[in-house]
Structure formats: structure tokens, C-alpha cells
Amino acid sequence: MEKKVSNHEIAEVFNEIADILDLKGDNVFKIRAYRRASQLIESLEKPLNEIEELESLPGIGKELAEKIRILLRGEPLPTLEKLRKEIEPGLLQLLKIRGLGPKRVKTLSEKLGVKELEDFKRVIEGEEILELPGFGKKLVEDLKKGLSEFQEYSRRTRLDIAKAEAEELVEYLGKIKEVLKIEVAGSLRRRLETIGDIDILVTGRNAKRVMEHLVNYPKVKEILAQGETKSSVVLKTGIQVDVRFFAPKCFGAGLQYFTGSKAHNIAIRTIAKQKGLKISEYGVFRGKKLVAGKSEQEVYQALGLDYIEPEMREDRGEIELAREKRLPRLVELKDIKADLQLHSNWTDGRNPIEESAEKAKQIGYQYIAITDHSKSQYQAKGLDEKKLLEEFKEIDNLNQKLKGVEILK
DNA sequence: GCCGTTTTCGGCCCGACTGTTTTCAGTCG
Ligand SMILES: Nc1nc2c(ncn2[C@H]2C[C@H](O)[C@@H](COP(=O)(O)OP(=O)(O)OP(=O)(O)O)O2)c(=O)[nH]1
Ligand SMILES: [Mg+2]
Ligand SMILES: [Mg+2]
């Protein structure tokens with residue numbers, strides 16, 4: 001039987017290639033091409049082996065398509081095999097430590113013979129490291145913190161957990177009068193399933209005051225950076241929070257930037273450039289003149305694009321659709337008309353049927369279906385014939401009683 | 001490595017914060 005190679009595995013390969021090239025100091029644009037491909041593949045819903053024309057994917061050309069085909073066949077990739085021999089493989093994990101990028105890892109490797117994590121743990125406690133160019137006392141202290149976070153926390157957080165954490169922080173931030181408006185941005189706003197960090201955008205009168213308020217949040221464990229427009233902290237849960245402050249006149253451009261994704265940003269900035277414009281988080285500019293920035297709609301409009309919902313901003317073809325006015329309408333909560341899979345407290349469900357029906361009506365459902373287990377599922381308190389008929393009777397009665405929602409059985 | 005109604009070669013997004021820097025590299029968003 002043929003071994004199935006997942007999109008994730010292929011994305012990992014391209015990311016590893018990018019990391020190795022980075023350590024070797026290779027061409028930054030080539031590295032970006034590998035990283036972009038990795039990100040794209042990670043975000044695809046369809047398995048790569050079901051995609052007819054790999055070259056039609058944005059950022060996938062002849063070379064990468066061929067490499068994907070090799071990997072899909074389950075064969076080793078010569079490029080990767082060769083690159084792996086050129087560096088110490090143990091160095092790759094060091095890149096995940098905050099504060100350690102390719103240049104510093106390279107220095108540690110060349111000057112102190114660091115080959116892997118264990119070596120780094122040793123030299124970070126020693127004196128030699130302070131002799132290295134660019135490695136001062138403060139940096140070494142920061143790297144120690146980066147190391148302990150790397151060992152302590154998992155890399156990404158589930159959306160629901162991050163969302164709750166973000167809402168709590170937003171409420172706290174809003175307490176001071178200098179804050180006018182707060183928006184959650186980044187992958188949380190794009191509703192990815194997992195979140196790398198919480199990105200929050202604030203507008204108001206006094207940036208300094210806002211940043212002071214942020215670092216005084218009781219759940220802050222560590223301050224990574226605190227500047228005039230941008231600060232980063234780590235919460236006690238290990239989740240990182242990035243906060244950016246903007247004046248109201250560039251709030252839209254700021255939100256557009258901070259929502260991302262990175263690939264989407266690069267794509268729209270490239271389009272702007274072709275049109276003789278420049279986009280940054282401060283607005284859309286023609287020369288020095290600000291032409292858009294108050295709202296996100298303005299930003300997209302300035303590029304001749306329809307507004308793109310955050311959930312679609314992944315540079316997977318949404319920009320082309322926006323240009324052609326062919327973007328799909330996303331399903332919203334109000335579009336959901338029914339729930340056809342509900343258990344009740346007649347079996348293993350938590351709520352009485354009436355409560356579920358009332359709630360359904362409240363959130364705008366037209367009908368629900370009760371699908372309790374039958375007696376073949378005795379471990380889930382499945383109903384026998386007699387009980388089932390009794391339940392049907394209750395449902396009939398409820399349907400008489402309740403208006404505006406129907407219960408199916 | 002990718003890409004193109006300005007290009008098939010020569011570009012490739014733009015900016016903030018920090019430390020050790022005497023003018024900016026490195027890392028990160
Ligand atoms: N233009 C531009 N914007 C960037 C870049 N890196 C990050 N951004 C913007 C877009 C991102 O969505 C946003 C927040 O950065 P993050 O690193 O937190 O990424 P994001 O939240 O998308 O994903 P995450 O779940 O945190 O890994 O900042 C960049 O290199 N260029
Ligand atoms: Mg983020
Ligand atoms: Mg972030």
C-alpha cells in the first residue's frame with residue numbers, strides 16, 4: 001500500500017529547508033518563497049495529491065511543484081537530504097527560541113561550537129558568550145527567558161481559549177479613559193483554529209499611558225518590549241500578547257495590517273506598489289499624500305478591491321476574487337436555520353427538551369431535531385420502545401405549547 | 001524560488017523595538 005503524505009508533512013519539509021537556508025545565509029527571497037509555500041500548504045483544505053495543477057497555487061512554481069510531487073510519491077527529497085548534511089541538525093530547534101534568529105545561532109555555532117539545545121543551555125550560563133560580538137548582559141538574560149519559555153509552553157493555543165483570554169484583557173484595557181477603541185486582530189480575528197499569540201489594536205489619546213496600563217495588567221508575567229506604538233508581554237498562561245497603538249485617522253489601515261495574514265499583507269502591498277501606491281500600517285499613500293486609512297473598506301477600495309472578510313485573508317486566491325467582485329458571502333450565525341443533532345436529558349444530554357427549544361428560538365433557529373439514543377446504546381441511557389413513545393408525546397405537547405420553533409422527532 | 005497587459009530578468013512589503021551600536025544589525029510584527 002502507498003504511504004499517504006499529508007500536507008502538514010510537506011509544509012514541514014519546506015519550512016525545514018527555509019530554516020537551513022537561513023542558517024547558511026542564503027538568498028532571503030528564496031527563503032521567503034519556501035516559507036510562503038509552507039504556510040500556503042499548511043492552510044490548504046484540500047490534500048495536495050487531489051490538486052491537479054500544483055503550479056496554479058500562488059507561490060508554487062515549477063521547482064516547488066516538482067518537489068511536492070516527489071514528496072507525494074513518498075520519496076526522499078534530494079534537496080533536503082543534501083542541505084541536512086551542510087549544517088548541524090540540532091541547530092534548527094534553537095531558531096524557535098525567542099531572540100535567537102539565524103545570525104545569532106550561526107555565531108553561537110561558529111564561535112562556541114554549539115551544536116544543539118543542550119550546548120546552548122550550557123553556554124548561556126557561562127562567561128564566554130558575553131565575549132561574542134553583539135551578545136551583552138541584557139541580551140543573554142533575555143535569551144535565558146526565551147529558553148525557559150521554549151521549554152515550558154506549547155507553541156499554539158486553541159481558538160476558544162485564546163478568545164476568552166483576549167476578551168478578559170480587552171475589558172481590562174478599556175477601563176482607562178485614554179482608550180477610545182479596541183479591536184482584536186491577528187489570527188484570532190481571522191478565526192484560525194489555533195492561535196500563536198493575541199494581537200490587540202488600540203486607538204486613543206495617549207499611547208504611553210495605554211502601554212503603561214497594559215504592562216500593569218495583573219496577569220502579565222513578563223514584558224518583552226514596551227515602545228510608543230507597540231508593546232509585547234507574556235501572560236502567566238504563557239500566551240504572548242502584542243498590542244499596537246494607532247491614531248484614529250489610521251485605525252483602518254492599522255487594523256488591516258494587524259489582521260494579516262502576513263502573506264495577504266505582502267500580496268496587497270505588492271499590488272499597491274504596482275499601482276504607484278504604498279501601503280503601511282499608517283495608511284495608503286500616493287507619494288507623501290495619505291489617500292486612505294480611516295477604515296479597512298477604504299484601504300481595499302483604494303486598491304480597487306471589494307472588502308475581504310478577515311476569515312479569507314490568507315493569500316489563497318481571495319485577492320483575485322475581490323478584484324473580480326466574485327468573493328463568496330460567508331455563512332453567518334443568522335444563516336443557520338436549525339440544529340438536527342440534539343440529545344436531551346431523556347438520555348445522555350444535559351438539558352430538558354423545552355430548554356433547548358427555547359434557546360433555539362432565542363438564537364433564531366426555525367426548528368431542531370431531537371436525536372436521543374435508542375436502547376441499543378444502553379451505556380448512553382438509550383430509550384426503549386415505551387420510553388421513546390413517552391418522549392414523542394412530550395415533544396408533541398411542546399410543539400403545541402411553543403410558538404416560533406418546531407421540534408422534530 | 002516565484003513571477004510578469006510596464007518585465008522572461010531583476011525585482012521581491014514595510015516598519016517597530018532593543019542592545020551595544022558610535023550609526024545599525026538582528027529579530028520580530
Ligand atoms: N506587512 C507585514 N505584516 C506582518 C508581518 N508579520 C506579521 N504581520 C502582521 C500580519 C499578522 O497577521 C499580524 C500579527 O502577527 P502575528 O505574528 O501575531 O501573526 P498571526 O496573528 O497572523 O498568526 P499567529 O497565530 O499569531 O501565529 O501582523 C510582516 O512581515 N509584514
Ligand atoms: Mg498573532
Ligand atoms: Mg503577534
Side-chain angles (χ1 to χ4, degrees), chain A residues 14 17-18 21-23 25-38 40 54-68 79 83 94-108 130-143 145-146 185-188 196-201 207 211 223-234 240-246 250 253-285 299 303 315 319-320 323:
Chain A
F14 288 164
I17 291 175
L21 293 175
D22 232 341
L23 283 175
D26 210 312
N27 182 293
V28 292
F29 300 106
K30 183 168 159 185
I31 295 168
R32 182 185 294 171
Y34 275 105
R35 287 204 198 288
R36 180 182 176 202
S38 175
L40 172 89
L54 291 168
E55 283 92 341
S56 69
L57 294 169
I60 305 292
K62 211 162 152 281
E63 299 287 323
L64 287 172
E66 184 50 28
K67 289 180 171 66
I68 293 170
T79 312
L83 283 171
L94 293 181
L95 292 171
K96 297 200 172 81
I97 296 171
R98 180 174 43 74
L100 278 187
K103 298 283 168 25
R104 287 174 184 156
V105 170
K106 200 169 176 210
T107 304
L108 290 170
L130 293 164
E131 308 289 315
L132 298 180
F135 285 73
K137 252 194 150 97
K138 193 78 202 299
L139 177 63
V140 169
E141 283 315 302
D142 284 349
L143 289 177
K145 288 180 195 157
S187 50
L188 197 40
D197 65 0
I198 295 173
D199 302 291
I200 292 179
L201 184 128
M211 295 312 185
I223 302 166
L224 299 178
Q226 183 178 359
E228 278 283 302
T229 70
K230 174 179 156 186
S231 296
S232 294
V233 298
V234 179
Q240 182 176 326
V241 178
D242 296 330
V243 172
R244 285 218 52 173
F245 182 93
F246 289 101
C250 50
L255 185 57
Q256 194 290 315
Y257 150 75
F258 216 24
T259 297
S261 66
K262 171 176 170 174
H264 175 88
N265 285 357
I266 291 177
I268 72 157
R269 287 171 182 209
T270 303
I271 292 173
K273 223 171 154 157
Q274 289 160 357
K275 289 180 179 288
L277 300 166
K278 183 187 79 165
I279 300 187
S280 75
E281 59 263 52
Y282 299 110
V284 183
F285 298 88
V299 174
L303 298 181
D315 189 27
I319 294 171
E320 204 183 331
R323 189 170 22 220

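Just so it is clear: chains get the letters A, B, ... in the order the sequence lines come, proteins before strands, and each one is counted from 1. Side chains included, hydrogens not; waters and symmetry mates left out as well; all remaining heavy atoms used.
For B:dT22 and B:dC28, the P atoms lie 23 Å apart once the distance is rounded to whole Å. B:dT8 sits 12 Å from B:dC2 when the C1' atoms are compared, rounded to a whole Å. If you take atom P in B:dT20 and the same atom in B:dA16, they sit 22 Å apart, rounded to whole Å. Atom name P, nucleotides B:dC9 and B:dC17: the rounded distance is 42 Å, in whole Å. Nucleotides B:dG11 and B:dT6 place their C1' atoms 13 Å apart, quoted to the nearest Å.
Within the 4.0 angstrom heavy-atom criterion, only backbone atoms of the sugar-phosphate kind lie near A:Arg244; the bases stay farther away. Backbone-only engagement by A:Ile97 is indicated by non-hydrogen atom pairs under 4.0 Å involving sugar-phosphate atoms exclusively. Nucleic acid contact for A:Ile31: none, since no nucleic acid atom lies under 4.0 Å from a heavy atom of the residue. Residue contacts shown for A:Tyr282 are limited to sugar-phosphate atoms, with no base heavy atom under 4.0 Å away. At a threshold of 4.0 angstrom between heavy atoms, the contacts of A:Ile279 are confined to the sugar-phosphate backbone, with no base atom among them. Using a 4.0 Å heavy-atom distance criterion, A:Glu55 is classed as making no nucleic acid contact. In this structure, A:Lys67 reaches the sugar-phosphate backbone alone: every heavy-atom distance under 4.0 Å involves primed, P, OP1 or OP2 atoms, never a base. Using a 4.0 Å heavy-atom criterion, one finds that A:Pro133 contacts no nucleic acid atom at all. Using a 4.0 Å heavy-atom distance criterion, A:Ile266 is classed as a base contact. Using a 4.0 Å heavy-atom cutoff across all strands shown, A:Asn265 reaches no nucleic acid atom at all. Base contact: A:Lys30 has a heavy atom under 4.0 Å from a base atom.
Side-chain proximity of A:Leu64 to B:dT27, B:dG1, B:dG19: nearest is B:dG1. Of the candidates B:dG29, B:dG19, B:dG15, the closest approach to any side-chain atom of A:Gln240 belongs to B:dG29. Comparing B:dG19, B:dG15, B:dC12 by their nearest atom to the side chain of A:Lys278 picks out B:dG15. If you check B:dG29, B:dT20, B:dC12 against the side chain of A:Leu139, the one that comes closest is B:dT20. When distances run from any side-chain atom of A:Arg104 to the nucleotides B:dT18, B:dG1, B:dT27, the shortest one goes to B:dT27.
Checked for salt-bridge contact, A:Lys62 and A:Glu66 miss the test: no charged N lies under 4.0 Å from a carboxylate O.
Contact of A:Tyr257 with B:dG29 (side chain to base): a donor-acceptor pair of N or O atoms is detected under 3.5 Å.
We find that CG of A:Asp22 is positioned 13 Å from C1' of B:dC28, with the value rounded to whole Å. Straight-line distance from the CD atom of A:Glu281 to the C1' atom of B:dC17: 13 Å, rounded to whole Å.
Between B:dG11 and A:Lys273, no contact under 4.0 Å exists linking OP1 or OP2 to a side-chain N or O. Between A:Ser232 and the phosphate of B:dG29, there is no side-chain N or O to OP1/OP2 separation shorter than 4.0 Å. Applying the 4.0 Å criterion to OP1 and OP2 of B:dT5, one finds that A:Gln274 has every side-chain N and O outside that range. Applying the 4.0 Å criterion to OP1 and OP2 of B:dG29, one finds that A:Lys230 has every side-chain N and O outside that range.
Taking all atoms of both residues into account, the shortest heavy-atom contact from A:Gln226 to A:Ile223 is CB-CG2, 4.2 Å. The heavy-atom pair separating A:Ala207 from A:Phe245 by the smallest distance is CB-CD2, 3.5 Å. Smallest separation of non-hydrogen atoms from A:Val299 and A:Ala253: CG2-CA, 4.0 Å.
Other residues, nucleotides and ligands place more than 12 heavy atoms under 6.0 Å from the CD atom of A:Glu55.
Base pairing annotation: B:dT8 forms no Watson-Crick or G-U wobble pair, as no partner gives both donor-acceptor distances under 3.5 Å.
The side-chain heavy atoms of A:Arg36 and A:Ile266, taken from C-beta on, include no pair separated by under 4.5 Å. A 4.5 Å side-chain heavy-atom check between A:Ile268 and A:Gln256 finds at least one atom pair inside the cut-off.
Positionally, the nearest nucleotide of DNA chain B for A:Ala33 lies more toward the 5' end than for the other of A:Ala33 and A:Gly101. Nearest-nucleotide positions on DNA chain B place A:Phe135 closer to the 5' end than the other of A:Val105 and A:Phe135.
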